[in-house]
Amino acid sequence: MACKTEFYTDRKKEMMAIHDAMDVLSGKWKIYIISSICHYNKRRFSDILNDVTGISNKMLSKELKELEINKLVRRTVLDTHPVTVQYELTEHGKTLKTIINNLTEWGIQHRKEIIG
């Protein structure tokens, strides 16, 4: 019985970890935004807007703020005229690079599988 209780407790922790990750990364746009920044290292707001087809200015702004709150993205205001805002992944955000790369590879293979 002790083994089953430990397994159950460990599994609950794993499921909670997945829940936490999905809570931070869920939504239609966050993975696309992270991917854009990840691929280029540093991106301006307008660059991300061009990369992520279909996202509005307002939604991109909202999603970037949430990613900042979760310490995945760092926002830097550059001293230019007009003012330029640049985004990059934090050290914590860079830990998602492997996941983004794996997701990209899986997506390529999945498309081949489905399309033939």
Side-chain angles (χ1 to χ4, degrees):
M1 289 281 192
C3 288
K4 287 188 177 192
T5 303
E6 284 180 26
F7 174 80
Y8 181 75
T9 303
D10 289 345
R11 187 66 191 136
K12 288 289 259 187
K13 287 179 184 176
E14 289 172 1
M15 293 302 287
M16 191 61 188
I18 291 170
H19 179 271
D20 292 344
M22 292 305 296
D23 190 47
V24 171
L25 300 173
S26 69
K28 186 174 180 178
W29 306 110
K30 286 192 179 91
I31 297 294
Y32 294 111
I33 294 165
I34 292 168
S35 178
S36 174
I37 298 168
C38 184
H39 184 75
Y40 293 99
N41 294 324
K42 294 180 180 180
R43 298 297 275 163
R44 293 177 306 152
F45 185 91
S46 60
D47 295 330
I48 300 169
L49 195 63
N50 289 332
D51 276 353
V52 183
T53 305
I55 193 169
S56 68
N57 285 13
K58 184 177 177 181
M59 182 56 75
L60 178 55
S61 180
K62 175 189 163 293
E63 296 287 64
L64 284 166
K65 283 177 187 167
E66 287 181 19
L67 290 169
E68 279 183 86
I69 289 168
N70 284 294
K71 298 183 180 181
L72 298 175
V73 170
R74 178 180 308 109
R75 178 181 189 267
T76 305
V77 179
L78 303 175
D79 188 22
T80 58
H81 189 73
V83 173
T84 304
V85 178
Q86 184 173 276
Y87 295 89
E88 62 186 307
L89 295 179
T90 62
E91 287 305 311
H92 182 55
K94 288 177 184 175
T95 63
L96 292 169
K97 281 187 175 188
T98 302
I99 294 168
I100 295 295
N101 291 336
N102 289 342
L103 194 57
T104 302
E105 289 173 21
W106 187 88
I108 291 167
Q109 292 305 314
H110 178 68
R111 182 172 287 272
K112 287 179 185 175
E113 180 73 24
I114 298 303
I115 294 174

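FYI, the numbering just counts along the sequence from 1. Quantities reported herein were computed from a predicted structural model and do not represent experimental measurements.
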Count the heavy atoms belonging to other residues, nucleotides or ligands that lie under 6.0 Å from NZ of K71, then report whether that count exceeds 12.
-> no
Nearest heavy-atom approach of E88 to N41 is CB-O, 3.3 Å
dist I99:CD1 -> T104:OG1 (nearest 0.5 Å) comes out at 11.5 Å
Same apolar cluster: L49 and V83, side chain cutoff 4.5 Å | yes
Just by modelled atom types, is the I31 backbone N or O under 3.5 Å from a matching donor or acceptor in the S35 side chain?
-> no
For T80, which residues count as a side chain to side chain donor-acceptor pair (under 3.5 Å) partner, sequence neighbours excluded?
-> T84
May I ask whether M15 and M22 are part of the same hydrophobic cluster, defined by side-chain heavy atoms of I, L, V, M, F, W, Y residues being less than 4.5 angstrom apart, directly or through others?
-> yes
Sorted by first residue and then second, give each side-chain hydrogen bond (donor to acceptor under 3.5 Å, both in side chains) pair with at least one member in residues 53-63; sequence neighbours left out.
-> K30-E63, K62-E66
L60 versus V52: any side-chain heavy-atom pair under 4.5 Å?
-> no
Side-chain heavy-atom pair I48, Y87 within 4.5 angstrom cut-off = yes
At what distance, to the nearest 0.5 angstrom, does CD of E68 lie from CZ of R75?
-> 6.0 Å
Are C38 and L89 close enough, and set up right, to give a side chain to side chain contact (heavy atoms under 4.5 Å, CB included), and what steps lead you there?
-> CA-CA 7 Å; C38 184; L89 295 179; 3.9 Å; yes
Side chains of D23 and N70: closer than 4.5 Å at any heavy-atom pair?
-> no
Which one of V77, D47, L78 satisfies the side chain to side chain contact (heavy atoms under 4.5 Å, CB included) criterion with Q86?
-> L78
Should V24 and L103 be regarded as members of a common hydrophobic cluster, given that ILVMFWY residues are connected when their side-chain heavy atoms come within less than 4.5 Å of each other, either directly or indirectly?
-> yes
What distance do Y32 atom OH and I37 atom CD1 have between them, rounded to the nearest 0.5 Å?
-> 15.5 Å
Among all residues two or more places apart in sequence or in another chain, which pass the ring-ring contact (aromatic ring centres under 6.0 Å, His included) test with H110?
-> W106
Taking side chain as C-beta onward, heavy atoms only, is I34 less than 4.5 Å from L25?
-> yes
To the nearest 0.5 Å, atom OG1 of T95 lies from atom CD of E91 at 9.5 Å
Would you find a donor on one side and an acceptor on the other, under 3.5 Å apart, between the side chain of S36 and the backbone of I33?
-> no
In the hydrophobic clustering (ILVMFWY, side-chain contacts below 4.5 Å, transitive), which residues join I69, or is it alone?
-> none
Apply side chain to side chain donor-acceptor pair (under 3.5 Å) to N50 and list each qualifying residue two or more places apart in sequence or on a separate chain.
-> none
Is the shortest distance from a Lys or Arg side-chain nitrogen in R11 or E14 to a carboxylate oxygen in the other one below 4.0 Å?
-> yes
To the nearest 0.5 Å, how far apart are CD1 in I108 and CZ in R111?
-> 9.5 Å
Locate the shortest heavy-atom distance separating V73 from T90; write the atom from each residue and the value.
-> C-CG2, 3.7 Å
For E113, enumerate each residue passing the salt bridge (Lys or Arg N to Asp or Glu O under 4.0 Å) test, keeping only those at least two apart in sequence or located in another chain.
-> none
Pairwise side-chain contact, R43 with D51, heavy-atom cut-off 4.5 Å (strictly under) = yes
